[in-house]
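For reference, the structure discussed in these notes is given below.
Everything numeric in this text was worked out from a predicted model, so none of it was measured.
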Amino acid sequence: MIENAIVQTILAETRVRITAADAARIRHELLDGRTDIERPVVYVTRSIRNDPQRFVPASARPGPPPVAQVLATDGRPASDATRRAAVEQVRAQLARSRRANS
């Protein structure tokens, strides 16, 4: 039950879908050894909403655009259209990151 709430909260806050194993790791991180929490689902979801990027697994975070988008396969610069598309992709990633952190 808590894992489902974690998966849904991460998805709602970051638009990143995490696995059940990731959710279990987050649950352990937030609740192990804590006996003072009366409503664990509320505590976990509030913790995620306060800092959602903290809980997104590194493997699910967007990375830089692939080199292939900036360079042609022979190592020469890619076309202007390809570079513009790569720049737009980076801008979109930055915008998502800013929204998630605001």
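Taking OG1 of Thr14 as the reference point, atom CZ of Arg49 lies at 12.0 Å (rounded to 0.5 Å). Residue Leu30 holds its CG atom at 9.5 Å from CZ of Arg25, rounded to the nearest 0.5 Å. In this structure, CD on Gln8 lies 7.0 Å from CZ on Arg17, to the nearest 0.5 angstrom. Between Arg15 atom CZ and Arg99 atom CZ the span is 5.5 Å, to the nearest 0.5 Å.
Partner of Ile18 under the side chain to side chain contact (heavy atoms under 4.5 Å, CB included) criterion, chosen from Thr9, Ile26, Leu11: Ile26.
Looking at Asp22 and Thr19, their side chains do bring a donor and an acceptor atom within 3.5 Å of each other.
Partners of Arg27 under the side-chain contact (heavy atoms from CB on, under 4.5 Å) rule, at least two apart in sequence or in another chain, are Ile2, Glu3, Ile6, Ala24, Leu31. Take Asp36 and apply the salt bridge (Lys or Arg N to Asp or Glu O under 4.0 Å) test, not counting sequence neighbours, and it matches Arg34.
No donor-acceptor distance shorter than 3.5 angstrom exists from the side chain of Ser97 to the backbone of Gln93, with no hydrogens or angles considered. Without hydrogens or angle criteria, Thr45 side chain to Val42 main chain gives a donor-acceptor distance under 3.5 Å.
Contact detail for Pro52 and Ile10: the closest heavy-atom pair is O-CD1, 4.4 Å.
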